[in-house]
Amino acid sequence: MHREGKTEGFFYLDHRTVDSKHDIITDIFATPGNTNDVKPYLGRLSVQIDKFRFDVKKYIGLDAGCSILNICKYLYDMGIQAAMGHRRGCQQKGKYGKHKFTLISE
């Protein structure tokens, strides 16, 4: 975490898996703070399926960070439909993307 305005030090991330049908957290997995959020996802999904025998054959909700090729391919091969957030891509500091502008016809 080396962003402007953030504290310096050692950090960790916790990745949580939630059963939305019953509103319970079924898994928490901690990683170092410099680990990408995507790395542990496929392994944790396999643990959930094996440990609890979840029938994950319909839908999965993921954040936009998980919208990468290997996760999409894995879910497609398993027959799982993923609902993912929209990724806007990286923006350079001080520059704005086209979504910030509106055309004003004169």
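The structure presented is a predicted model; accordingly, all values stated were derived computationally and were not measured.
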Quick check: closest heavy atoms across [X] and [Y], and the distance to 0.1 Å?
X	Y	value
Met84	Ser67	SD-CA, 3.4 Å
Ala82	Leu75	CB-CD1, 3.7 Å
Pro40	His15	CG-NE2, 3.8 Å

_Just checking Ile28: does its CD1 atom have more than 12 heavy atoms from other residues, nucleotides or ligands closer to it than 6.0 angstrom?_
yes
*Count the heavy atoms belonging to other residues, nucleotides or ligands that lie under 6.0 Å from CZ of Phe52, then report whether that count exceeds 12.*
yes
*Leu45 side chain near Tyr74 side chain, heavy-atom distance below 4.5 Å*: yes
*asked:* Is any side-chain heavy atom of Ile60 closer than 4.5 Å to one of Tyr41?
replied: yes
*Linked, directly or transitively: Ile80 and Val18 (ILVMFWY side chains, under 4.5 Å)*: no
*Tyr76, Val38: one ILVMFWY side-chain cluster at the under-4.5 Å cut-off?*
no
*Drop me the distance from Leu13's CG to Thr31's OG1, to the nearest 0.5 angstrom.*
4.5 Å
*Spatial distance of atom CE (Met78) from atom CG (Leu42) [nearest 0.5 Å]*: 9.5 Å
*Can you check whether Thr26's main-chain N or O pairs, donor with acceptor, with Thr17's side chain at less than 3.5 Å?*
no
